[in-house]
Amino acid sequence: MDGEAGRNGDRIAQPWGERTPYGPGADWPVRVDQQLAEGLDERGVQRWVRSASLLHSNGDAMDIAVVDGRIAGVRGRADDRVNRGRLGPKDLFGWQANASPDRLRRPLVRRGGELVETDWDTAMGRVVEQSQRLLAEQGPSAIGFYTTGQLFSEEYYTLAAIARGAIGTNHLDGNTRLCTATAAAALKETFACDGQPGSYTDIDHADVIALFGHNMAETQAVLWMRVLDRLHGADPPRLVCVDPRDTPVARAARDSGGVHLAPLPGTNLALVNALLHEIIANDRVDHDYVEAHTVGFAELEKRVRDYPPEVAGRICGVDPERIREAARVLGEARRLLSTVLQGFYQSHQATAAAVQVNNLNLVRGMLGRPGCGVLQMNGQPTAENTRECGADGDLTGFRNWNNDAHVAELARHWNVDPVRIPHMAPPTHAMQIFRYAEQGSLRMLWVSGTNPAVSLPELARIRSILAQERLFLVVQDIFPTETAQLADVVLPAATWGEKTGVFTNADRTVHLSEKAVDPPGEARPDLDIFLDYARRMDFRDADGHPFPQWHDPESAFDAWAACSAGRPCDYSGLSHEVLRKAPSGIQWPCTAEHPEGTERLYADGRFRSAPDDCEHYGRDLVTGAPMEETEYRALNPDAKAILKAAEYVPAHERPDDEWPFALITGRTIYHFHTRTKTGRAPQLQAAAPDVWVECAEADARRCGLVEGDLVDVTTPRGAIRARVRVGGIREGVLFVPFHYGYWDTTGSGPEEGADGAGRAANELTPTDWDPASKQPLFKTAAARLSPVGNRGDETGADTRDDSGGAP
Ligand SMILES: Nc1nc2c(c(=O)[nH]1)N[C@H]1C(S)=C(S)[C@@H](COP(=O)(O)OP(=O)(O)OC[C@H]3O[C@@H](n4cnc5c(=O)[nH]c(N)nc54)[C@H](O)[C@@H]3O)O[C@H]1N2
Ligand SMILES: Nc1nc2c(c(=O)[nH]1)N[C@H]1C(S)=C(S)[C@@H](COP(=O)(O)OP(=O)(O)OC[C@H]3O[C@@H](n4cnc5c(=O)[nH]c(N)nc54)[C@H](O)[C@@H]3O)O[C@H]1N2
Ligand SMILES: [Mo]
């Protein structure tokens, strides 16, 4: 399928394609990427249907090619502000998974221990019967929902209304807890409200771009193309990269005259505190900005005094001179763009460390102007919408669950009694929902659009929770996943390209994704499934009308837009029709007064942090203890940004004699998560067919290992077997990609890792989370490496040696 049908060369070997250099302040040139089915050329395409990318949070606008009612390829949209026509490898090839022969086509129910096909009436009948029984016997707390960052706004808004407004359970969260909970928490701590301050166009203007625990080259390939094009153009920016691995970002940072810092995993906070120490000690502070727009500077100054580069250098295992050098680059920046992602978010002091990045930009006065911004990144395509719509631990519309006026306002939108909406305690976070299921108080769990039997930590425990007899497990997915195997009822969903809805990327750009083809078999859009459940449950609003009051994507969107009006994530200027006609995606807030949307938040130095307006009163960053309303009023009466400081504390699990390595986990450019889609796209699967473990050359030598050797990686939770990749990581650290579960994506059935052993990284990870955001620690564990004594062969495509497009 590559070659003729794809423009722009072999995008497996050259993931970022050709360079289109540009200089500061110029428009990013257009480059249209396209991939069509083998033998098809453009003239054969019958229809192009508008959509955007679905295998990351970048929001690349694309059109879906349709031939004879089937998806036959994709093309980037030249007009769009996000990608100017470009697509990454996952989007160029991933669409093939839609037509995979093992898509779920009919509902399944468990009968005599086996999952068997059935009709919708039978499957939904079981779900309704269980719900009604549990509501009668135990009340709403017996029921929980665990959803995703991969559905559409309309679907999340509906699910939130059903869970909180109709059932009245507090147990609703998204896999966004594993993903962007810390992004949201860090924004809430600094700005007292979620909402991405920066814009992707900041890349066009920045003279320094700092990436904190963010392997943008592999995880937001199109945004990285934008950075590469700046690096190849006139007056290029310098990069700062903070990552224990030698990623393409790290290499580009060194080549740009910037700095790569490779701290020991779990020491980010000490490192950023030292950067702040240097910036304050050398008076690189914008005192006017700090004075006019922030509170908390004195405390921050005092706190970071304890972190001179020598101290942080010892904690992080980094040369203090490198820390000084990085602080100089950040301190001399005229336009500083900072980005943060999982290397910071999936750690024990996640929120504390991510907040210090906000502090860096605030003390330098670098916010709300072109090139000056913070991107507390998202990961999943619609994680932003999960948060906005409140299908996670947030109240719909960035409302404050702890503010009765906000709850009442939401109740008015839904036309339900405010007491029905749980708000006496913070919404239950996902790790706690699983704990309740383990302990037996939660008896029904409805999982939609996520595969926790591969993606949650400590899988042996997760499997035993999900497999319990007493837990009624509903799984709504498009494939027979590891999680679906454990379900009592499996509901077959339609997915991207088969249903219509709205989604929003990491820089608040809203796109409409339209239905291009019919879903397979009896599969139905998630929205239809949720609404069908509501009707069968006969939920009613205060006037006795069926609740939710909406019935299709368009009416659901309009209800959501109305509910968001006046809140920071204001969609009131948007509709399906507006988005269908707009040449490009539009950034919220978008209102009648600002129909073009809003490029940057807080450009006027005004925040949504007034005590009556804010989404959250904040927490103690070290313990996670929530602040009271009165404390918040005293701290921030004038709606400023908050500079919050925190001391470094070591991770709970650190390497020792028995477990000598620090284990981190993450991603490769070719796969998305548990590979349910990318594992079914032949080019992507061939590029990275099986799990591997990355280790430093010195460590390999010490263990007597060479490239391709088979090893067991063991932690106190479990073991996996993988082939060794040597190099590209700091000594003492191991990296395992988390994409590989046991279910075969190419045929249909169980498949195991090299040599028959387990291969999911989460067999190894601990049940532990950041106290503020409650995000699990996928990047902190202590591990052991033992050779299996079987000399290996190839480990698959290797992005380390890929210089395609690298500067
Ligand atoms: N190809 C691809 N792209 C994706 C996805 C995918 O599965 N595949 N998933 C999407 C989603 S949902 C997400 S959330 C994003 C995630 O995007 P990223 O956060 O960029 O991806 P990760 O590989 O999880 O982690 C980033 C880096 O953190 C580093 N790291 C590990 N521990 C530490 C530490 O203690 N400190 C520091 N400073 N760095 C550390 C790792 O070495 C890794 O290079 O990607 C999105 N895009
Ligand atoms: N060790 C380790 N673990 C991690 C991470 C890590 O870095 N390391 N990262 C974490 C992060 S950031 C994330 S985001 C999670 C991701 O973890 P998951 O959410 O479990 O990963 P996915 O494979 O994306 O699961 C999405 C599921 O939804 C299904 N699906 C796709 N489209 C639709 C649809 O339209 N409707 C429905 N109903 N289903 C659909 C897919 O088939 C798939 O089974 O993993 C987390 N786990
Ligand atoms: Mo994520």
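In listed order, ligands and their atoms are each counted from 1. Being a predicted model, the structure only gives us computed values, none of them experimental. Starting from 1, each residue takes its place in the sequence as its number.
For atom 1 (N) of ligand 2, the nearest protein heavy atom (residue, atom name, distance) is Asn762 OD1, 2.7 Å. Looking from atom 19 (O) of ligand 2 to the surrounding protein, the closest heavy atom is Asn175 ND2, 2.6 Å. The single protein non-hydrogen atom nearest to atom 24 (O) of ligand 1 is Arg667 NH1, 2.7 Å, given as residue, atom name and distance. The protein atom (non-hydrogen) at minimum distance from atom 41 (C) of ligand 2 is Thr676 OG1, 3.2 Å. Of the protein's heavy atoms, Gly379 O, 3.4 Å lies nearest to atom 10 (C) of ligand 1. For atom 17 (O) of ligand 1, the closest heavy atom belonging to the protein is Leu341 CD2, 3.1 Å. Protein heavy atom closest to atom 4 (C) of ligand 1, with residue, atom name and distance, is Thr219 O, 3.6 Å. Considering only non-hydrogen protein atoms, atom 35 (O) of ligand 1 sits nearest to Gly266 N, 3.0 Å. In this structure, atom 23 (O) of ligand 2 lies nearest to the protein heavy atom Thr674 OG1, 2.6 Å. Summary of contacts: the protein heavy atom closest to atom 14 (S) of ligand 1 is Gln342 NE2, 2.8 Å. Among protein heavy atoms, the minimum distance from atom 27 (C) of ligand 1 is reached at Asp243 OD2, 3.2 Å. Counting only heavy atoms of the protein, atom 28 (O) of ligand 1 lies nearest to Gly343 CA, 3.2 Å. Counting protein heavy atoms only, atom 36 (N) of ligand 2 is closest to Asp526 OD2, 2.8 Å. Among protein heavy atoms, the minimum distance from atom 33 (C) of ligand 2 is reached at Thr495 OG1, 3.6 Å. Atom 26 (C) of ligand 2 has as its closest protein heavy atom Gly449 O, 3.2 Å. Here the protein heavy atom with the shortest distance to atom 21 (O) of ligand 2 is His673 CB, 3.3 Å.
Near Gln476, meaning under 4.0 Å from any of its heavy atoms, are these atoms of ligand 2: 37 (C), 38 (N), 39 (N). Contact atoms of ligand 1 toward Glu218: 1 (N), 2 (C), 3 (N) (distance under 4.0 Å to a heavy atom of the residue). Taking every heavy atom of Gln346 and a limit of under 4.0 angstrom, the matching atoms of ligand 2 come to 5 (C), 6 (C), 7 (O), 9 (N), 10 (C), 12 (S). For ligand 2, the atoms lying closer than 4.0 Å to a non-hydrogen atom of Gln380 are 14 (S). Applying the 4.0 Å criterion to heavy atoms of Lys779 picks out, from ligand 2, the atoms 7 (O). Atoms of ligand 2 lying under 4.0 Å from at least one heavy atom of Thr481, given by number and element, are 44 (O). Those atoms of ligand 2 that come under 4.0 Å of a heavy atom in Lys499, given as number and element, are 35 (O). Within the listing of ligand 2, atoms 36 (N), 37 (C), 38 (N) sit less than 4.0 angstrom from a heavy atom of Ala493. Applying the 4.0 Å criterion to heavy atoms of His214 picks out, from ligand 1, the atoms 20 (O). Ligand 1 places these atoms under 4.0 Å from at least one heavy atom of Phe344: 38 (N). Each of the atoms 1 (N), 2 (C), 6 (C), 8 (N) of ligand 2 lies under 4.0 Å from some heavy atom of Thr665. Interface atoms of ligand 1 facing His56, defined by a heavy-atom separation under 4.0 Å, are 47 (N). Of all atoms in ligand 1, numbered sequentially from 1 with element shown, those under 4.0 Å from a heavy atom of His739 are 7 (O). Heavy-atom contacts of Lys90 reach the following atoms of ligand 1: 1 (N), 2 (C), 3 (N), 8 (N) (cutoff under 4.0 Å).
With a heavy-atom cut-off of 4.0 Å, Gln220 does not touch ligand 1 at all. Only the side chain of Cys179 comes within 4.0 Å of ligand 1, judged by heavy-atom distances. Counting heavy atoms under 4.0 Å from ligand 1, residue Met377 does not touch it at all. Contact annotation for Ala494 and ligand 2: only backbone heavy atoms (N, CA, C, O) come within less than 4.0 Å of the ligand. Residue Thr247 touches ligand 1 through its side chain alone, judged by heavy-atom distances below 4.0 Å. With a 4.0 Å cut-off on non-hydrogen atoms, Asn215 touches ligand 1 through its backbone as well as its side chain. Heavy atoms of Leu456 found under 4.0 angstrom from ligand 2: none, in either backbone or side chain. At a 4.0 Å heavy-atom cut-off, ligand 1 does not touch Thr180 at all. Residue contacts with ligand 1 for Phe735 are absent, since no atom lies close enough (heavy atoms, distance under 4.0 Å).
Cation-pi check for Arg226 over Tyr200 is not met; the charged atom does not lie both under 6.0 angstrom from the ring centroid and within 45 degrees of its normal.
For ligand 1, the polar-atom distance check finds no N/O of Asn378 at less than 3.5 Å from any of the ligand's N/O atoms. For a threshold of 3.5 Å applied to N or O pairs, the pair formed by Phe738 and ligand 2 contains no separation below that value. Polar contact with ligand 2: absent for Trp496 (N/O pair, distance under 3.5 Å). Residue contacts with ligand 1: Asn268 is placed with a nitrogen or oxygen under 3.5 Å of a nitrogen or oxygen of the ligand (distance criterion only). At least one N or O atom of His671 sits closer than 3.5 Å to an N or O atom of ligand 1. Residue Tyr670 has no nitrogen or oxygen atom sitting less than 3.5 Å from a nitrogen or oxygen atom of ligand 1, judged on distance alone. The N/O atoms of Asp477, backbone and side chain alike, include one that comes under 3.5 Å of an N/O atom in ligand 2. Considering both main-chain and side-chain atoms, Ile669 comes within under 3.5 Å of ligand 1 through a nitrogen or oxygen pair.
One finds no salt bridge joining Lys499 and Glu154 here, because no Lys/Arg side-chain nitrogen approaches an Asp/Glu carboxylate oxygen to under 4.0 Å.
By the 30° and 60° cut-offs, the orientation of the rings of Phe530 relative to Trp446 is tilted. Under the 30°/60° scheme for interplanar angles, the aromatic rings of Tyr146 and Phe434 are found to stand perpendicular.
If you run side-chain contact (heavy atoms from CB on, under 4.5 Å) between Asn268 and each of Phe344, Tyr345, Tyr648, only Phe344 comes through.
Between Leu466 atom CG and Leu473 atom CG the span is 5.5 Å, to the nearest 0.5 Å.
Assignment of Phe672 to the shell around ligand 2 is supported, since a heavy atom sits closer than 4.0 Å.
His652 and Asp768 form a side-chain donor-acceptor contact under 3.5 Å, judged by distance and modelled atom types alone.
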Could you walk me through whether Asp246 and Arg254 pass the salt bridge (Lys or Arg N to Asp or Glu O under 4.0 Å) check?
CA-CA 10 Å; Asp246 194 27; Arg254 293 194 300 268; 3.0 Å; yes
